[in-house]
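Everything on this sheet refers to the single structure shown next.
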Amino acid sequence: MNWDPVTAVLFDLDGVLTPTATVHMRAWEVMFTRVLDQQPNPMSPYTDQDYFAYIDGKPRYEGVQSFLDAHGIDLPQGEPSDPPERQTVCGLGNRKNEIFNEVLEGEGIRAYPGSLRLVEALEQRGIAMAVVSSSKNAPVVLSSAGLTERFPVLVDGTVATREQLPGKPRPDTYRYAAEQLGHDPAGCVVVEDAVSGVQAGAAGGFARVIGVDRGAGRQVLLDAGADEVVSDLAELI
């Protein structure tokens, strides 16, 4: 790829820089399997496709609501302060976060080697970089992977809530990250593995949207608006 006209790169985190998607997927699977098992009528078991169709890339509570809607399960919204055991959308979201943190603390995480190579190559070129993640766990994931100091700008779920930015597939979080870096979106590249994130990049007036196929499917990402799709970010060096 020709990086000469690019001034900044805006990375999603989970599934792009770090394999946290596998930790997230496991946490969602554990939680929603329990939810489905508790329903009065038998329901189809939770699958990885549920993750990609309803959850991937979305803010946590929106992912919960999307899954519940798709399976005809009606729960009250509740409040973000709901304890993990409460049967509300927010309670389930907090329960998933609790499971995720247990797995991350026990096992830690490392950046994808190819992603780290691209980050190092962009640093050498003097190209600015930011992380844009729907997750409120992004700071601890970056820290665990030893990536915190490489990204002066982080727009995560906490920042989006504070700044009242709508989440992906809206482009607002990505555009805000470009603004915080001091770069025009027209000179920025968005790197995403989630359909909702690719859609956000495609809607934001960015120079290019690169999809990373970690399971969503190459054609699916292209159809969502990716300009090109790779399986490893080292392909872009």
Side-chain angles (χ1 to χ4, degrees), residues 12-16 18-105 109 131-141 154-174 192-200 214-216 220 224:
D12 179 39
L13 177 60
D14 300 340
V16 171
T18 56
T20 29
T22 58
V23 184
H24 281 292
M25 288 175 72
R26 177 59 180 155
W28 285 115
E29 178 187 8
V30 169
M31 189 193 69
F32 276 131
T33 294
R34 293 171 183 170
V35 170
L36 294 174
D37 287 346
Q38 292 169 358
Q39 299 309 303
N41 299 313
M43 305 193 77
S44 299
Y46 178 89
T47 67
D48 286 350
Q49 192 53 43
D50 285 315
Y51 174 81
F52 291 116
Y54 308 117
I55 299 164
D56 190 22
K58 296 180 182 177
R60 194 187 323 146
Y61 301 140
E62 289 183 22
V64 172
Q65 188 66 68
S66 179
F67 176 89
L68 295 178
D69 289 345
H71 290 75
I73 301 172
D74 185 24
L75 290 179
Q77 177 68 25
E79 301 292 337
S81 59
D82 284 356
E85 63 272 12
R86 187 160 296 170
Q87 288 295 103
T88 63
V89 170
C90 291
L92 291 182
N94 295 340
R95 188 181 312 170
K96 177 266 171 181
N97 193 52
E98 191 174 70
I99 296 170
F100 174 87
N101 284 325
E102 289 173 359
V103 175
L104 186 64
E105 182 178 353
I109 200 159
V131 166
V132 180
S133 172
S134 299
S135 175
K136 294 184 178 180
N137 295 311
V140 68
V141 172
L154 166 62
V155 179
D156 64 353
T158 300
V159 174
T161 298
R162 185 188 71 218
E163 300 296 327
Q164 298 183 320
L165 301 170
K168 307 168 188 179
R170 292 281 297 276
D172 301 61
T173 50
Y174 273 112
E192 264 282 359
D193 72 314
V195 169
S196 61
V198 167
Q199 291 171 333
R214 305 289 193 193
V220 170

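For the numbers below, each heavy atom of this structure counts, side chains included, while hydrogens, waters and symmetry mates do not. Sequence positions, counted from 1, serve as the residue numbers for this chain.
- Of all the heavy atoms in Ser134 and Lys168, the pair that sits closest is OG-CD, 3.8 Å.
- Summarising the geometry, atom CG belonging to Asn97 is positioned 8.0 Å from atom OH belonging to Tyr61; distances are rounded to the nearest 0.5 Å.
- Among the candidates Leu154, Asp156, Val155, the single residue satisfying the side chain to side chain contact (heavy atoms under 4.5 Å, CB included) test with Thr158 is Asp156.
- Considering CZ of Phe67 and CG of Asp50, their distance stands at 5.0 Å, rounded to 0.5 Å.
- Defined by atom type and a distance below 3.5 Å, a donor-acceptor pair is missing between the side-chain atoms of Asp82 and Asn94.
- The line from CD of Gln87 to CG of Leu92 is 5.5 Å long, rounded to the nearest 0.5 Å.
- Between Tyr54 and His71, the two ring planes are perpendicular [angle over 60°; tilted spans 30° to 60°].
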Next item on the list: Please assess Thr20 against Thr18 for the test side chain to side chain donor-acceptor pair (under 3.5 Å), listing each intermediate value before the final yes or no.
Entry: CA-CA 5 Å; Thr20 29; Thr18 56; 3.0 Å; yes

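- The neighbour count for Gln164 CD, taken as heavy atoms of other residues, nucleotides or ligands under 6.0 Å away, does not exceed 12.
- Residue-environment remark: CD (Gln38) exceeds the threshold of 12 foreign heavy atoms within 6.0 Å.
- Here the side chains of His24 and Ile55 are not in contact, with every heavy-atom distance at 4.5 Å or above.
- Closest approach of Asp56 and Asp193 over heavy atoms only: OD2-O, 4.2 Å.
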